[in-house]
Each structure stands twice: as C-alpha cells, then as structure tokens.
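Report on the following structure.
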Amino acid sequence: NRDFTDVSMAVIRRLPKYHRYLKDLLDKEVYRISSRELSRLIGFTASQIRQDLNCFGGFGQQGYGYNVEELYKEIGNILGLNRVYSTVIVGAGNLGQAIANYPSFVKYGFELHGLFDVNPKLVGMKIRDINIYDVDELGTFVKENDIEIGIICSPKEVAQDITDTLCKANIKGIWNFAPIDLKVPKDIIVENVHVSESLFILSFLLNEKSKRD
Ligand code: NAI
C-alpha cells in the first residue's frame, strides 16, 4: 500500500472530478486521452493535470497521452474505491432517506447496513430493504457489525451526541451533513458536507455578477 501523506489535499480534492470525467470517457468508449484534451474537458490546465497525476507516479506516456481505463482504475484505487465500506445513516428523515435511496453509493462500495432514528413512526420501517432501527441501538449495532462510516443526517442539535456514540463504538469516519462542526478524537476522520455554504457562495457570485452587469 502506497502512502500519499505527502500529496497535498488540494490535489486529492481534485481526484473525484478526474474520476468522474474518466468514467464518462469510458462510457463513451474513449480509451486514450492527451492531457490537453483532458484539460479542455475538465477545465484544469494541461500542466496542472500533468502535475497532479505526477504526484502518483505519472500515468501518462509522452506522445501517447493517458490510458483512460488504467487512469480511472488507479485514481479509484488511490481514492480507496477498490474495497467495500460498511455504513449507517443516523437520522432517517428527508435527507437520510434520500441518501439511502441513492444507488451510486452502493455501486462504489459504500454498503448501507441500517438507518437509525428517534421517531417511533419511522423505527421498524424499511428503506430499500434496509431497516430503520431505534437510535438507542446505534452504539451496539456499530460495534457488533464493525461499521466503519457513520452518515449523520440528524438535526444539528443532536449531531454531537450521535457523534460521541459513534466514536465510542469505534467508528472510523463520519460523513456529516448537519450544519455543525463536530468534535471528535483525533484518529476519527470527519468529512463535512455543509450544503448551505456552497449555496451562499452561489448567492455571493450571483450578486457580484449583477453588480458588474
Ligand atoms: P428531517 O427533519 O427530515 O430529518 C431529521 C431526522 O432526524 C428525523 O427523522 C428525526 O426524527 C431524526 N432525529 C432527531 N433526533 C435524532 C436523534 N437523536 N437520533 C437519531 N435521529 C434523530 O431533516 P432533513 O431535512 O433530513 O435534514 C437533516 C439534517 O441534514 C439537518 O441537520 C439539516 O440541516 C441537514 N441538511 C439537510 C438538507 C436537505 O436538503 N434536506 C441539505 C443539507 C443538510
């Protein structure tokens, strides 16, 4: 297993975009691409692309370009998409159910083992064959089933308590949708999706543009 700790997070954060574009190319049966063509598609400069991909040992060949399939697989491997992850969703409301219903996560190896909620109307129901359990069972379930990833889709007021339960149950990572910054022990990884932050950037840009027009 190669270690990528010396690769900057800025580069890592661009990898999912490469991965997505390479998948689209493969779907279109394009098997070879130059950094210039890739640049035209993705919008990063060709030199940026060469630099990014060089961090991982340079996949390209002078005069040939990149082998799309190889590059796609390799970026998938770097991102850790070459194995299965066990997950649970905590908070089975609008967002929790939407995520549970989204087929792509399973396709990429993120297996959902259960949803958890406090609402007695939801507990006992199923989303796509997956049970909604009482949140009181969360810690035991995570421990007994070696769950690696907790997906937090609860109101923000309870997100820290849920996090503490997950951490005590040896969770490895948390995908947090609640609009709050969680406190976790340092060996636990949190990736936040603060949807409204991105929306507010959009509103900023819209207003800047209307000032210029
Ligand atoms: P929701 O109200 O539909 O669902 C929240 C669920 O959490 C409910 O089913 C509730 O019973 C459950 N819950 C409450 N306390 C709990 C606890 N202690 N343990 C387990 N479950 C508990 O809300 P929604 O819209 O699904 O949003 C969930 C979270 O995601 C919120 O923090 C929201 O700010 C955030 N969010 C929502 C987005 C959306 O598009 N709906 C987008 C981005 C973030």
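Values reported hereafter were calculated over all heavy atoms of this structure, with side chains retained and with hydrogens, waters and symmetry mates removed.
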message = Within the structure provided, determine whether K183 and T163 are in side-chain contact (heavy-atom separation under 4.5 Å).
response = no
query = Heavy-atom count around K17 NZ within 6.0 Å, excluding the residue itself: above 12?
reply = yes
ask   = Tell me, do H19 and L81 make a side-chain contact under 4.5 Å, heavy atoms counted?
value = yes
query = Side chains of H194 and F177: does their closest heavy-atom pair fall under 4.5 Å?
reply = no
query = Are a donor atom and an acceptor atom from the side chains of E137 and T140 found within less than 3.5 Å of each other?
reply = no
inquiry  = My understanding is that only one of I127, I151, V135 makes a side chain to side chain contact (heavy atoms under 4.5 Å, CB included) with L115; could you say which?
reply    = I127
ask   = Does V195 reach the side chain of L199, with side-chain heavy atoms less than 4.5 Å apart?
value = no
message = If I take atom OG1 from residue T87 and atom CD1 from residue I99, how far apart are they, to the nearest 0.5 angstrom?
response = 9.5 Å
Non-hydrogen side-chain atoms of I89 and F116 separated by less than 4.5 Å = no
note = So CD1 of I75 and CG of L15: to nearest 0.5 Å the spacing works out to 5.5 Å
note = Smallest heavy-atom separation, N192 atom then I180 atom, equals OD1-O, 4.2 Å
key: Pair D27 + K23, salt bridge at N-O below 4.0 Å   = yes
Between CD1 on residue I201 and CG on residue L206, distance to nearest 0.5 Å = 11.5 Å
ask   = Can you tell if the side chain of L138 reaches within under 4.5 Å of the side chain of V90, non-hydrogen atoms only?
value = yes
Straight-line distance of D181 CG to N176 CG, nearest 0.5 Å = 8.0 Å
ask   = Do the rings of F141 and Y133 sit parallel, tilted or perpendicular, given the 30° and 60° boundaries?
value = tilted
message = Are the side chains of Y66 and R32 in contact, using a 4.5 Å heavy-atom criterion?
response = no
task = Give a yes or no on whether I189 atom CD1 has more than 12 heavy-atom contacts from other residues, nucleotides or ligands under 6.0 Å away.
result = no
request  = Hey, could you give me the CD/CG distance between E74 and L22, rounded to the nearest 0.5 Å?
outcome  = 12.0 Å
message = Looking only at side-chain N and O atoms, does N101 offer a donor or acceptor that is under 3.5 Å from a partner on Q97?
response = no
task = Run the salt-bridge test on K209 and D213 with the 4.0 Å N-O cut-off and return the result as yes or no.
result = yes
request  = Mark yes or no: R83 above the aromatic ring of Y85, with NZ or CZ under 6.0 Å from the six-membered ring centre and no more than 45 degrees from the axis.
outcome  = yes
key: Minimum heavy-atom distance between Y18 and Q48, given as atom pair plus value   = OH-O, 4.2 Å
Centroid separation W175 to F110 less than 6.0 Å = no
ask   = Does the R128 side chain pair with the main chain of A100, one donor and one acceptor, at a distance under 3.5 Å?
value = yes
inquiry  = Would you compute the distance between atom CD1 of I130 and atom CD of E111 and round it to the nearest 0.5 angstrom?
reply    = 9.0 Å
key: Exceeds 12 heavy-atom contacts within 6.0 angstrom, atom OH of Y102   = no
key: Salt bridge K211-E208, side-chain N to carboxylate O under 4.0 Å   = yes
